[in-house]
There are 2 protein chains.
Amino acid sequence: MEIPNLAELNLLHTQICQALGDPKRIQILYALNEQPLHVTALADALHTPQPTISRHLRVLRQRALVTSRREGATVVYELADYRIIEILDMMRHILRDSLARQSNILT
Amino acid sequence: MEIPNLAELNLLHTQICQALGDPKRIQILYALNEQPLHVTALADALHTPQPTISRHLRVLRQRALVTSRREGATVVYELADYRIIEILDMMRHILRDSLARQSNILT
DNA sequence: TTCACTTATTCGCGTATCCGAATACATTGT
DNA sequence: ACAATGTATTCGGATACGCGAATAAGTGAA
């Protein structure tokens with residue numbers, strides 16, 4: 001494992017943000033915040049085809065946002081770091097406050 | 001100003017994440033965290049053409065991550081909510097811890 | 001091994017994003 | 001009005017992304 005230089009760190013930082021920039025992946029992260037789930041369970045919960053879920057999970061796994069472990073025939077995915085939910089919630093707060101400000105302006 | 005429904009809120013949430021998913025825009029946000037700056041100053045600081053900076057600023061403005069105000073001939077941009085820097089820093093921490101875990105595995 | 005089930009990958013296509021270059025638009029001073 | 005400076009937009013091409021459909025690959029039971 002090499003120690004990443006600053007440029008590479010910025011790239012990884014960007015890739016994490018990119019990984020969050022898809023509604024399905026945000027849904028997946030919130031679902032995994034409730035409990036670890038295997039692929040089909042996620043596909044059912046989000047009413048989404050299994051290959052689509054699998055591809056999104058690959059992105060999240062490559063960015064180290066989720067971990068996977070095989071349990072018999074299924075593969076269980078789990079949040080790698082639950083602080084990612086705090087981050088998403090903080091964004092929600094910023095968004096909410098931003099909308100509130102706009103409402104005030106128009107009042 | 002309409003009250004956004006849940007679907008629209010999720011869309012806005014995604015758009016914020018997307019806005020963060022570009023290295024130049026992350027650089028811009030960190031630069032604006034130091035002080036408000038006008039477009040040319042940002043372009044010089046980041047060694048980036050002015051139209052490129054202007055386009056990125058438009059994205060950040062549309063997502064309500066920065067605000068702009070005209071001051072004479074120039075337009076000054078400022079962070080709309082400094083918590084966005086906390087979010088970016090939290091991502092850095094998650095990233096750092098993730099890399100540390102990988103190092104331990106290989107040790 | 002063969003079947004049933006679960007997960008991952010590939011292919012093709014439509015769409016979105018980013019950038020450089022050129023140019024339009026806005027503001028101030030002369 | 002005109003020139004100079006600062007900012008925003010458009011155009012064109014390259015690249016990246018997301019999805020549906022089909023299929024490959026991994027696992028467990030009979």
Side-chain angles (χ1 to χ4, degrees), chain A residues 7-8 10-29 31-32 35-80, chain B residues 7-8 10-29 31-32 35-80:
Chain A
E8 189 174 353
N10 285 329
L11 176 62
L12 294 172
H13 194 175
T14 303
Q15 288 181 338
I16 288 181
C17 295
Q18 280 178 328
L20 300 179
D22 180 277
K24 280 277 189 281
R25 290 198 286 266
I26 291 181
Q27 287 183 57
I28 290 175
L29 292 174
L32 295 181
Q35 57 182 311
L37 290 170
H38 63 272
V39 179
T40 302
L42 269 169
D44 293 344
L46 304 186
H47 308 291
T48 303
Q50 173 269 323
T52 298
I53 296 292
S54 190
R55 274 181 307 223
H56 283 308
L57 286 172
R58 178 174 53 184
V59 173
L60 295 172
R61 184 163 25 85
Q62 287 171 339
R63 265 68 161 185
L65 296 177
V66 303
T67 60
S68 64
R69 60 176 187 277
R70 182 169 279 282
E71 287 193 356
T74 72
V75 177
V76 176
Y77 281 81
E78 184 172 6
L79 291 186
Chain B
E8 188 173 355
N10 285 328
L11 176 62
L12 294 171
H13 193 175
T14 302
Q15 287 180 339
I16 289 181
C17 294
Q18 279 178 329
L20 300 178
D22 181 278
K24 279 278 190 281
R25 289 198 285 265
I26 292 181
Q27 285 182 60
I28 289 174
L29 292 174
L32 295 182
Q35 57 183 309
L37 290 169
H38 63 271
V39 180
T40 302
L42 269 169
D44 292 344
L46 304 186
H47 307 294
T48 303
Q50 174 269 324
T52 297
I53 296 292
S54 189
R55 275 182 306 223
H56 283 309
L57 286 172
R58 178 175 52 184
V59 173
L60 295 172
R61 183 165 26 85
Q62 287 171 338
R63 266 68 161 184
L65 297 177
V66 303
T67 61
S68 65
R69 61 177 186 277
R70 182 168 281 281
E71 287 193 357
T74 72
V75 177
V76 176
Y77 281 82
E78 184 173 6
L79 291 187

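Below, chain A is the first sequence line, B the second, and so on; all start at residue 1. The structure presented is a predicted model; accordingly, all values stated were derived computationally and were not measured.
With hydrogens and angles disregarded, no donor-acceptor distance shorter than 3.5 Å links the side chain of B:Arg61 to the backbone of B:Ala64.
Contact check for A:Arg63 versus A:Gln18: side-chain heavy atoms found under the 4.5 Å cut-off. A:Val75 has its side chain out of reach of A:His38: every pair of non-hydrogen atoms, C-beta onward, lies at least 4.5 Å apart. Annotation: side chain of B:Val59 is not in contact with side chain of B:Arg55 (no heavy-atom distance under 4.5 Å). B:Ile53 places none of its side-chain heavy atoms less than 4.5 Å from the side chain of B:Gln50. At least one side-chain heavy atom of A:Ile26 sits less than 4.5 Å from a side-chain heavy atom of B:Cys17. At least one side-chain heavy atom of A:Glu78 sits under 4.5 Å from a side-chain heavy atom of A:Arg69. Using a 4.5 Å cut-off on side-chain heavy atoms (C-beta onward), B:Ile28 and B:Leu57 make contact. Using a 4.5 Å heavy-atom threshold, the side chains of B:Leu32 and B:Leu37 count as touching.
Here B:His56 contributes atom NE2 and B:Leu42 contributes atom CG; the two are 11.5 Å apart, rounded to the nearest 0.5 Å.
Residue A:Arg69 contributes atom CZ, which lies 14 Å from atom P of C:dA8 at whole-angstrom precision. Distance B:Gln62 CD to C:dA16 P: 14 Å, rounded to the nearest Å. Between the P atom of C:dA16 and the CG atom of B:Asp22 lies a distance of 18 Å, rounded to the nearest Å. Following rounding to the nearest Å, A:Ile28 (CD1) and C:dT7 (P) show an atom-to-atom distance of 13 Å.
Here chain B contacts DNA chain D (any atom closer than 4.0 Å to a heavy atom, that is under 4.0 Å), and the contacts span D:dG6 to D:dT10 from 5' to 3'.
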So which protein nitrogen or oxygen atoms get under 3.5 Å of nucleotides 26-30 of chain C's nitrogens or oxygens?
residue: C:dT27; atom: O3'; partner: B:Gly72; partner atom: O; Å: 3.4

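Within residues 44-59 of chain B, the residues having any heavy atom closer than 4.0 Å to DNA chain C are, in order of number, B:Pro49, B:Pro51, B:Thr52, B:Arg55, B:His56.
Proximity of A:Tyr77 to the phosphate of C:dA8: a side-chain N or O atom is located under 4.0 Å from OP1 or OP2.
Screening B:Leu29, B:Thr67, B:Ile16 for a side-chain contact (heavy atoms from CB on, under 4.5 Å) with B:Leu60, the sole residue that qualifies is B:Leu29.
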